[in-house]
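Right, one structure below, let's go through it.
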Protein chains: 2
Amino acid sequence: MKLSTKIRYGTRALVYIAAFGKNRYVSISEISEKENISLKYLENIMTLLKSSGLLRSMQGAGGGYYLAKSIDELTLADIMYSISGPIFLVRCLSEYECNREMECVLKDVWNDVNNVLDKKLRSIKLKNIVKKRKRKIKSFA
Amino acid sequence: MKLSTKIRYGTRALVYIAAFGKNRYVSISEISEKENISLKYLENIMTLLKSSGLLRSMQGAGGGYYLAKSIDELTLADIMYSISGPIFLVRCLSEYECNREMECVLKDVWNDVNNVLDKKLRSIKLKNIVKKRKRKIKSFA
DNA sequence: TAATATCCTACTAAACTAATAGGAATTATA
DNA sequence: TATAATTCCTATTAGTTTAGTAGGATATTA
């Protein structure tokens, strides 16, 4: 139940782009430097975020990444699912293969927990995080 | 974000004991057989549950395990924490070592998610699960 | 003393995580 | 038209974690 570095770094990258990438492309090298994340590793992560449609990109000098959707639309759930696939606490919630269904009550229980988690993740939008960030920076000024 | 087999098996074992272990010792071999879990592996798991105080045991022939607390008290959170240690989605929620606190807003965000998850897990008692189980078995009768 | 348990200490194969490496393709600009 | 800056693509790898296995010591009952 630990978040992977991919999810943590990926979220930071998206928050960075959301905060500093208005009307411009943000390069991996910039994010890597400012957020202190290995360039090459971040590359892998950006690829995931792009191929699941959260980011778009522009190649070549002056190029970089930009958000594919509005910051009011993108949620933590989107980010996590893009990077690690949909979250199912137990496999039987997605695939079928349990032969103990008669006796099994835990499926419903885990499903319940899963839903609570999912709902929470969906409720946290990139916009909220960026706002929070601005308030925080201000309070230090 | 998948539950480990230890957590899944451990939970099943506890539910089994809660359901069938009134006023008697339940052996690992019985649980192993009825729940289809490798005996030796289950042994490891039971040790974890015992050493964190959820189970007590009696050695020797006729011995086995029994709940150390009431089924009204034991929650999913207890079970998960006993097996895998306290759940912190990100390390900075437990240990100290982040040098980016000034800019970091994600700590609060993850903490928020963490709390929601924790609260949910604490709300699900072994008693609820056993009740659910009985209802289900009844409905098949 | 035999059978049935837990208890204890190790070992191991497979999968997953967190990177790293090298270069090809694309684009802006000097 | 070079050159620099960028994404894109394909691999490889070291380390960690997971899921399980193995063998025997110790305790208890009958």
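Only heavy atoms go into these numbers, but all of them, side chains included; no hydrogens, no water, no symmetry mates. We name chains A, B, ... by the order of the sequence lines, and we start the count at 1 in each one.
Atom NZ in B/Lys50 sits about 17 Å away from atom P in C/dA5, given to the nearest Å. We find that CD of B/Glu30 is positioned 9 Å from P of C/dA5, with the value rounded to whole Å. Nucleotide D/dT17 holds its P atom 18 Å from the CE atom of B/Met1, rounded to whole Å. Distance, A/Arg91 CZ to D/dA19 P: 11 Å, rounded to whole Å. Nucleotide C/dC16 holds its C1' atom 14 Å from the CD1 atom of A/Ile7, rounded to whole Å. As rounded to whole Å, 14 Å separates atom P of D/dT28 from atom OH of B/Tyr65.
Applying the side chain to side chain contact (heavy atoms under 4.5 Å, CB included) criterion to A/Glu35, with sequence neighbours excluded, gives A/Arg12, A/Tyr16, A/Ile31, A/Ile37, B/Arg100.
For the pair A/Lys2 (side chain) and B/Phe88 (backbone), a donor-acceptor distance under 3.5 Å is present. Checked by atom type and distance alone, the side chain of B/Asn114 pairs as donor or acceptor with a backbone atom of B/Ile87 at under 3.5 Å.
A salt bridge links A/Lys120 to B/Asp112: at least one charged side-chain nitrogen sits closer than 4.0 Å to a carboxylate oxygen.
Side chains of B/Tyr65 and B/Ser27: no donor on one and acceptor on the other come within 3.5 Å.
Against DNA chain D, the stretch residues 11-20 of chain A makes no heavy-atom approach under 4.0 Å.
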Summarise how protein sits on nucleotides 18-30 of chain C as a single string, 5' to 3': B when a protein heavy atom is under 4.0 Å from the base, S for sugar-phosphate-only contact, - for no contact.
-> BBBBBB-BBBS--

